[in-house]
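One structure below.
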Number of protein chains: 4
Amino acid sequence: MGVTMDGTKQQRRGNTRQRIQDVALELFAEQGYEKTSLREIAEHLDVTKAALYYHFKTKEEIIVSLFEDLTQPIQDLIEWGRSQPHTLETKHEILRRYSQALVGAEPLFRFMQENQATVRELRIGDAFKDRMRDLRDIFIDPDAPLVEQVRCISAMFTLHAGMFVMQDVEGDSEKKHEAVLEVAMDLVTQAHQGARKEG
Amino acid sequence: MGVTMDGTKQQRRGNTRQRIQDVALELFAEQGYEKTSLREIAEHLDVTKAALYYHFKTKEEIIVSLFEDLTQPIQDLIEWGRSQPHTLETKHEILRRYSQALVGAEPLFRFMQENQATVRELRIGDAFKDRMRDLRDIFIDPDAPLVEQVRCISAMFTLHAGMFVMQDVEGDSEKKHEAVLEVAMDLVTQAHQGARKEG
Amino acid sequence: MGVTMDGTKQQRRGNTRQRIQDVALELFAEQGYEKTSLREIAEHLDVTKAALYYHFKTKEEIIVSLFEDLTQPIQDLIEWGRSQPHTLETKHEILRRYSQALVGAEPLFRFMQENQATVRELRIGDAFKDRMRDLRDIFIDPDAPLVEQVRCISAMFTLHAGMFVMQDVEGDSEKKHEAVLEVAMDLVTQAHQGARKEG
Amino acid sequence: MGVTMDGTKQQRRGNTRQRIQDVALELFAEQGYEKTSLREIAEHLDVTKAALYYHFKTKEEIIVSLFEDLTQPIQDLIEWGRSQPHTLETKHEILRRYSQALVGAEPLFRFMQENQATVRELRIGDAFKDRMRDLRDIFIDPDAPLVEQVRCISAMFTLHAGMFVMQDVEGDSEKKHEAVLEVAMDLVTQAHQGARKEG
DNA sequence: CATGAATGAGAGTTCATTCAT
DNA sequence: CATGAATGAACTCTCATTCAT
């Protein structure tokens, strides 16, 4: 992600920085942001705490960087969505792409979902909220009946739920993803039809 | 127990334990468990930190007590659900009751949802997980097609989403609740019919 | 020990006070003075901490009372010793009596020996030191050669050691006491003879 | 390692760990382990409490480190003693060496003797007990008559007593040491002869 | 690039003690 | 005689952060 062809200098340079990000995300996702200390991250990497400060000015900046790096695909998705007509087909395509984006940034999203209270107070809190609202705005028609709006929200949450709750439902991982996506698609379709009838 | 007719002093003195719980829940829900210090709770109540320790042995015990006190309705619901036949009507009734239970314990549930990473490490983590699994087990038929199982899970998550995300959707609070419940009911109905067709 | 024939009122009255002393001494001896909290003592007795304060003004007063009650025999011994001629036979008799006094107040002495640093800062510290010096003064002749003085001190310490270190030497308890006393007596005898020769 | 020729700054900066140990031992020996707080130690060194934690993970680790560093000579003595024949001459040599080892680690031993109750609960408690038992085992013949065993124990305790009690006996420090050692040697000699007669 | 050493602030927790009831 | 409720001071320990080297 953001890795250019040329690697020599970047690898040397970017290596530690990236390793910090990797370890930090893993620990943040596992234990939460507050309970993960810089000491712990440093120990996992076999460097000193002070070394972290060479690469990131504060603890907060570590997860800010993670957020920015890993949610780029969703940012792209939103931009793309904005330029599309608000048809059912568009919404289906958004769901498909969003589903994939989630898979790509799973640990971050798990972290964000499980540490909402913390995230809210961090600098990324607003960015995240904005992003979610943007996504909602290209996904939900504010003039549609309330029930149909709920169906759309439900569709998105179904995708989220798919990431975490589904883990302890038995079955092939691939098949579960498909099932989740199918339910979400159905919900949007129903929302679309429901809105039609009203209008 | 030294209870005088007049209530003013009683209120100040007699129910500190409850007041601790109230303030703690409020702050936990707002800022998260880790970021809420006992000093802060004590200051809100105008007592010393040590006073908290007269009523609760540890910080953790405060939220444990909240959890136990406030999730009793859901415990009851699960017990009731177990004794019912696994019909569609039962599931609808469960959704209705669960929806109400959520409203009653909203701050706690908001807290649990927004501090999952923290909760997981606390003593209530397992209790919560167990409770959720029990609920799922009386709600989902493991022999049904995967898609229909997902629909059921989605129904429950729709209720959860209803509590938080819906807050910034415009509309009358009462009506939103109804809409959320309707979507959830629909999902379960569809799941039921889908399962029929297969079998 | 200070218990009169009549017991009714004294027992009621003295009962709790004495029970506090008993439990306190046991815990002090086992864990040390600092590590034993009043909460712990109260819990062992199934009363509240505040109850302890009815019987003793402070924590320190508890061990002061123990000290005063239990070292009376030694106080008596010292007084008796003072009125006797400084003969070898007197010293032997002192050893015999001291040995017995130690047995009677074993837990207290164990406590005093194992918490010297603490005791020193307590009010009993000086009292104890005084008592020990008094004992030494009737036991040691300051004009005797240094080696003989050491022998006398060694005799007394042999009795002390007998209480604690001997516990994990195998053998009948009674016999061990006798052996300890014998060694101590020997040391004093030698000291006496050594002093003679010099003089 | 950044060691400059000049020593002044080095002394301030470079050997904080050692300075902590020195001050800690001094205070522990004077006031006891429990009554000595890390704040106090830090203040004596003119650093913050947190600085102590850079050098030692816990308060306990401070005295563990002291114990390990300062009892090495005794450890060596035990090892040496094990390889020697159990003759009287060996025992005399052990006493001589032990006497010297005690002088070298006087504050630590004073601490251990005056804080036995505390030490027992610390990690060094067992290590100390083991060490003492090992010493006893190379010093005492378990088949000897009880009285002779007591004489040996008494000899060792005489050395211990020599460290503390003798402080307030008047006389030249050097001479006192010699007198103490002489009494201890005598006791062992007598024990040896006593055992002979029996066997 | 990275370390060693340190700090200031604050956390949760425990303690001896007090006092109205 | 004893309790319930509370306090103030202290404790051990952890954290994010800084900076000279």
Side-chain angles (χ1 to χ4, degrees), chain A residues 12-13 15-17 34-42 45-62, chain B residues 1-4 9 12-17 34-42 45-62, chain C residues 12-13 15-17 34-42 45-62, chain D residues 1-4 9 12-17 34-42 45-62:
Chain A
R12 266 246 181 287
R13 200 171 253 275
N15 206 357
T16 303
R17 194 188 143 92
E34 323 269 4
K35 291 206 74 157
T36 303
S37 67
L38 293 186
R39 178 180 54 68
E40 214 176 345
I41 296 175
L45 290 165
D46 218 43
V47 295
T48 47
K49 269 184 294 174
L52 304 184
Y53 278 88
Y54 179 81
H55 297 280
F56 298 94
K57 264 212 287 287
T58 66
K59 185 186 181 187
E60 185 168 352
E61 212 184 64
I62 297 180
Chain B
M1 222 170 266
V3 174
T4 58
K9 235 189 295 185
R12 262 272 134 73
R13 289 258 145 196
N15 51 7
T16 307
R17 193 189 143 94
E34 322 270 2
K35 291 207 71 154
T36 303
S37 69
L38 294 184
R39 178 182 54 71
E40 215 176 345
I41 297 176
L45 291 166
D46 214 45
V47 294
T48 52
K49 272 186 293 170
L52 305 184
Y53 278 90
Y54 177 78
H55 296 280
F56 298 93
K57 269 210 284 285
T58 63
K59 185 186 181 186
E60 182 168 354
E61 215 186 59
I62 297 179
Chain C
R12 267 248 180 286
R13 197 170 254 275
N15 205 355
T16 303
R17 194 188 144 90
E34 322 269 4
K35 291 206 76 157
T36 303
S37 66
L38 294 186
R39 179 179 56 67
E40 213 176 348
I41 296 175
L45 291 165
D46 218 43
V47 294
T48 47
K49 269 184 294 175
L52 304 184
Y53 279 87
Y54 179 82
H55 297 280
F56 298 94
K57 266 213 287 285
T58 66
K59 184 185 182 186
E60 184 168 353
E61 213 184 64
I62 297 180
Chain D
M1 221 172 267
V3 173
T4 58
K9 237 192 292 190
R12 262 272 135 73
R13 291 258 145 197
N15 51 6
T16 307
R17 193 189 144 95
E34 323 268 3
K35 291 206 73 153
T36 303
S37 68
L38 295 184
R39 177 183 54 70
E40 215 175 344
I41 297 175
L45 291 166
D46 214 46
V47 293
T48 53
K49 275 183 291 169
L52 305 185
Y53 278 91
Y54 178 78
H55 295 280
F56 298 93
K57 269 211 283 286
T58 64
K59 184 185 181 186
E60 184 169 352
E61 213 185 62
I62 297 179

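Keep in mind it's a predicted model, so treat the numbers as computed, not measured. Lettering follows sequence order; numbering is per chain, from 1.
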Gap between atom NZ of C:K59 and atom CD of C:E34 - 0.5 Å precision: 6.0 Å
For atom NZ of A:K59 and atom P of F:dT14, their distance in whole Å: 15 Å
Return whichever of B:E60 or C:E60 has its heavy-atom-nearest nucleotide of DNA chain E closer to the 5' end. B:E60
If F:dC1 has a Watson-Crick or G-U wobble mate with both distances under 3.5 Å, name it; if not, just say none. none
Please determine if a side-chain N or O atom of B:H55 lies less than 4.0 Å away from the OP1 or OP2 oxygen of F:dA6. yes
Would you mind reading off the distance between A:R17 atom CZ and E:dC1 atom P, rounded to a whole angstrom? 12 Å
Looking at C:Y54, does any N or O in its side chain come under 4.0 Å of the phosphate oxygens OP1/OP2 on F:dC1? no
First of B:A51 and C:L52 reached from the 5' end of DNA chain F, by closest nucleotide: C:L52
Would you mind reading off the distance between D:N15 atom CG and E:dA5 atom C1', rounded to a whole angstrom? 13 Å
C:K49 (side chain) and E:dT17 (base): donor-acceptor pair under 3.5 Å: yes
Between D:L38 and C:D46, which residue's closest nucleotide on DNA chain F lies nearer the 5′ terminus? C:D46
Under 4.0 Å between a side-chain N or O of C:Y53 and OP1 or OP2 of E:dT17? yes
Got a second to check how far C:K49's NZ is from C:R39's CZ, nearest 0.5 Å? 8.0 Å
Could you state the atom-to-atom distance from CZ of C:F56 to C1' of F:dC1 in whole Å? 14 Å
Does any nucleotide pair with E:dA11 by Watson-Crick or G-U wobble geometry, both distances under 3.5 Å, and what is it? F:dT12
Nearest-Å distance, NZ (A:K35) to C1' (F:dA16)? 17 Å
What is the distance, to the nearest angstrom, from the CD1 atom on D:I41 to the P atom on F:dA10? 17 Å
Any side-chain N or O of D:T48 below 4.0 angstrom from OP1/OP2 of E:dG8? no
How long is the line joining CD of B:E34 and C1' of F:dA16, in whole Å? 15 Å
Mind checking the CD-NE2 spacing from D:E61 to D:H55? Nearest 0.5 Å is all I need. 12.0 Å
Please name the pair of heavy atoms, one in C:Y53 and one in C:T58, separated by the smallest distance, quoted to 0.1 Å. CE2-CA, 4.3 Å
Quick one: which of F:dG4, E:dT3, E:dT13 gets closest to the side chain of C:A50? F:dG4
Could you tell me how far apart B:E61 (CD) and E:dG12 (P) are, to the nearest whole angstrom? 15 Å
Within less than 4.0 Å of OP1 or OP2 of F:dA16, is there a side-chain N or O belonging to A:R39? no
Would you indicate whether the side-chain heavy atoms of C:V47 and C:T16 approach each other to under 4.5 Å? no
Rounded distance [0.5 Å steps], CG in A:N15 versus CZ in A:R17: 12.5 Å
Any B:T16 side-chain nitrogen or oxygen under 4.0 Å from OP1 or OP2 of F:dA5: no
Reckon A:S37 has a side-chain N or O less than 4.0 Å from the OP1 or OP2 of F:dT14? no
